[in-house]
Number of protein chains: 2
Amino acid sequence: MDKKKRVTSYDVAKAAGVSQSAVSRVFLKGRSVSKKTREKVLTTANELGYKPNAIARMLITKRSGMVAVILSSRANINYPEVLSLLNKRLAECNERVLLFNLDDSEGLDEILEQIWTFQVDGVIALAAHFDNESIEKFKDHNIPVVLYNRVVLGQTASSVCVNHEQGIFQLVTLLDKQAHKDYLVLAGPTESDVANERLECAIKALSAKGHKDVPILYGDYSYDSGKQAFHQWMKDNKAPTAVVCSNDPMAIGVIDEARRNWGLRVPEDLSVVGFDGVSAVAWHSYQLTTVKQPLELMTKAAVDILLEQIETPDNPAQLRVWSGSLIEGNTVGPANPKT
Amino acid sequence: MDKKKRVTSYDVAKAAGVSQSAVSRVFLKGRSVSKKTREKVLTTANELGYKPNAIARMLITKRSGMVAVILSSRANINYPEVLSLLNKRLAECNERVLLFNLDDSEGLDEILEQIWTFQVDGVIALAAHFDNESIEKFKDHNIPVVLYNRVVLGQTASSVCVNHEQGIFQLVTLLDKQAHKDYLVLAGPTESDVANERLECAIKALSAKGHKDVPILYGDYSYDSGKQAFHQWMKDNKAPTAVVCSNDPMAIGVIDEARRNWGLRVPEDLSVVGFDGVSAVAWHSYQLTTVKQPLELMTKAAVDILLEQIETPDNPAQLRVWSGSLIEGNTVGPANPKT
DNA sequence: TTGTAAGCGTTATCAG
DNA sequence: CTGATAACGCTTACAA
């Protein structure tokens, strides 16, 4: 009694006195089965504990019901909601998430091969290290891809994005209105496309307001890197009056460093803005002014677009861009240079 | 040129002038193939862009190479590292993560059926709503389960846990040494087993130090719920001198609320401890005293145990428990009751 | 509406 | 070492 063989549609068929295909039809939507046999099959299936084997189904239908989600550890740790929301939306559409972690570009080819062998229906890519060549490979394999917050130059794949340019422009405008002149930009890791885009947007926005040659510091998106970058700068330079950070944790790091080690009050002496709208920005000790990504809308759209591409692969790629919403915290004040 | 049919082992066999089974053997480890045919097959496979079809392999080998990870949104958002670490470890062992989200118990049965149809090799469960009955179902289906931070009474499934009792005892001891007498316990959501266990441990530890009938507040593990719970308490009651919180974000909420709205200094007037050791506890504005879970060790063990159960299903279930490490921040000070 | 039979693309078995 | 051939458990024409 311990060698429990899996019960198949044949077993059910035999027990119910019908053909195997009848059993199969009962478990498929929109197939013509008489009420009588349906009930007969359903009850015996229940007795035997039969559940259709998804693997066998995948093999014949050539649809796996799985979507590969490629992300980096950093992406998941900074935006855990994204994965949860994607998963939930996909589950509603009867697709499961098969997870792939891509932290350094070395493993990329290996991951692509894996994805290919698993016959996934589509791919959603959030990873930083993801070049255009790889995107082309998916095209070659006829497997639809949706990029999340990743701009493509050639526009061969669909993507959903937050409008970095508009969001950062809003933040810079806010600072500019307060008559700030001494700016600092704290950028993210140079390997990240998103980080580079945010940096460019910051430079462009500042430039549009007449602030050229703003010094640029680099961090890795972490709190500590924000602290450290600001510390390094302050050791050798005069304090800025405004810091434009490429994400929220770094901005919070800058705030803590400024307050703790350099006697700067925020926002009286120093204004700081972030980006993303993570939950901690609302914490009372910070109340960071930032721009929030509409994650629910973006994830929903990513799934919708992907499913559309799965159903009708010949539809052209599309790009959808959302404006972020400004969160006015308490970290922006009038310029007040320390002399 | 656009109807790209997938290339199969037959195509490669024909092109290379060998049998289909020869091709198959080349792509399997430890199969005897002559050097000559191996090379021949490998090069033509490369030319044609052949990759074995994992689905077909699953069907015949009855191993899917996939592990179901069941988690709640809250779990992923509070402990995003756990999923990343699990995924990385599993990938090293050639297992992929198939994700299942379980937020309310209503969908449980549905998810279990899905998991069953996907023929996953094993399950790692981090979800809060996961009763013993469900665990039994996996046993019935012969599919190994490892529970993550979830105690089982019957001990029919393996599990890895942080030692809540020991960790909380350390924290309470720290407070007791500072002569605190007026305690408050801030517990997590009552639906969560982990939350309930932490609450029990707190009561037990306080009781062991002679502090009986400590008032208990409830939150949902979020920053806001910590703020709010403390606010409610303070409206009608005298300030405690020490708050034992069931996780870090709630503790940080308590700190902010105490400082902002009740003029309490931390740690001079109020001591606060948390649990988990999330990254924000190190932020300078808080520097929370807490206990950190050894996530790397725990996730590694979860995977190791699961794989062992997959290889040798008759091995008995095992429980592994780790002590958390005390992080002494700056939120515990001598008792100093405000009169 | 039902049953028969032909796949889907592998791996496993067993002669040669 | 190699090549037939039989599974694996399902879906899907096709014929009845």
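Since the structure is predicted, the reported quantities are computational estimates derived from the model, not experimental observations. Chain identifiers are assigned alphabetically (A, B, ...) following the order of the sequence lines, protein sequences preceding nucleic acid strands; residue numbering begins at 1 within each chain.
Sorted by residue number, the members of residues 33-40 of chain B with any non-hydrogen atom under 4.0 Å from DNA chain D read B/V33, B/S34, B/T37. Only A/L59, A/I60, A/K62, listed by number, bring a heavy atom of residues 44-66 of chain A to less than 4.0 angstrom from any atom of DNA chain C.
For A/K51, there are no side chain to side chain donor-acceptor pair (under 3.5 Å) partners two or more places apart in sequence or in a different chain. Here A/Q293 pairs with A/N149, A/D276 under the side chain to side chain donor-acceptor pair (under 3.5 Å) rule; sequence neighbours left out. Residues satisfying the salt bridge (Lys or Arg N to Asp or Glu O under 4.0 Å) criterion with A/E133, sequence neighbours excluded, are absent altogether. By the side-chain contact (heavy atoms from CB on, under 4.5 Å) test, B/Q20 pairs with B/S9, B/Y10, B/A13, B/S24, sequence neighbours left out. Every side chain to side chain donor-acceptor pair (under 3.5 Å) that B/E308 has, sequence neighbours left out, goes to B/N315. For B/S34, the side-chain contact (heavy atoms from CB on, under 4.5 Å) test picks out B/K36, B/T37, with sequence neighbours left out. With sequence neighbours excluded, the residues forming a side-chain contact (heavy atoms from CB on, under 4.5 Å) with B/P189 are B/R74, B/E191, B/S192, B/A195, B/Y221, listed by chain and number. In this structure A/Q309 satisfies the side chain to side chain donor-acceptor pair (under 3.5 Å) test together with A/S158, sequence neighbours excluded. A/R89 is linked by a side-chain contact (heavy atoms from CB on, under 4.5 Å) to A/E92, A/K300, A/V303, A/D304, counting only residues two or more places apart in sequence or in another chain.
Using cut-offs of 30° and 60° for the angle between ring planes, the A/W116 and A/H141 rings count as parallel.
Checking the phosphate oxygens (OP1, OP2) of D/dC10, a side-chain nitrogen or oxygen of A/S9 falls inside 4.0 Å. For the pair A/S32 and C/dT1, the criterion of a side-chain N or O lying under 4.0 Å from OP1 or OP2 is met. For C/dG9, neither phosphate oxygen OP1 nor OP2 lies less than 4.0 angstrom from any side-chain nitrogen or oxygen of B/T8.
Atom P of nucleotide D/dC8 and atom CD of A/Q20 are separated by 13 Å, given to the nearest angstrom. Atom-to-atom, NZ of A/K14 to P of D/dG9 comes out at 13 Å; the value is rounded to the nearest Å. Distance A/L28 CG to C/dT1 P: 15 Å, rounded to the nearest Å.
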Quick test: give all pairs of protein nitrogen or oxygen and nucleotides 14-16 of chain C nitrogen or oxygen below 3.5 Å, distance rounded to 0.1 Å.
none

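Side chain of B/R31, nearest nucleotide from C/dA12, D/dC10, C/dT10: C/dA12. If you check C/dA5, D/dG3, D/dC10 against the side chain of A/Y10, the one that comes closest is D/dC10.
A donor-acceptor contact under 3.5 angstrom links the side chains of A/Q119 and B/R6, judged on distance only.
The base of C/dA12 is not paired with the side chain of B/S24 by any donor and acceptor separated by under 3.5 Å.
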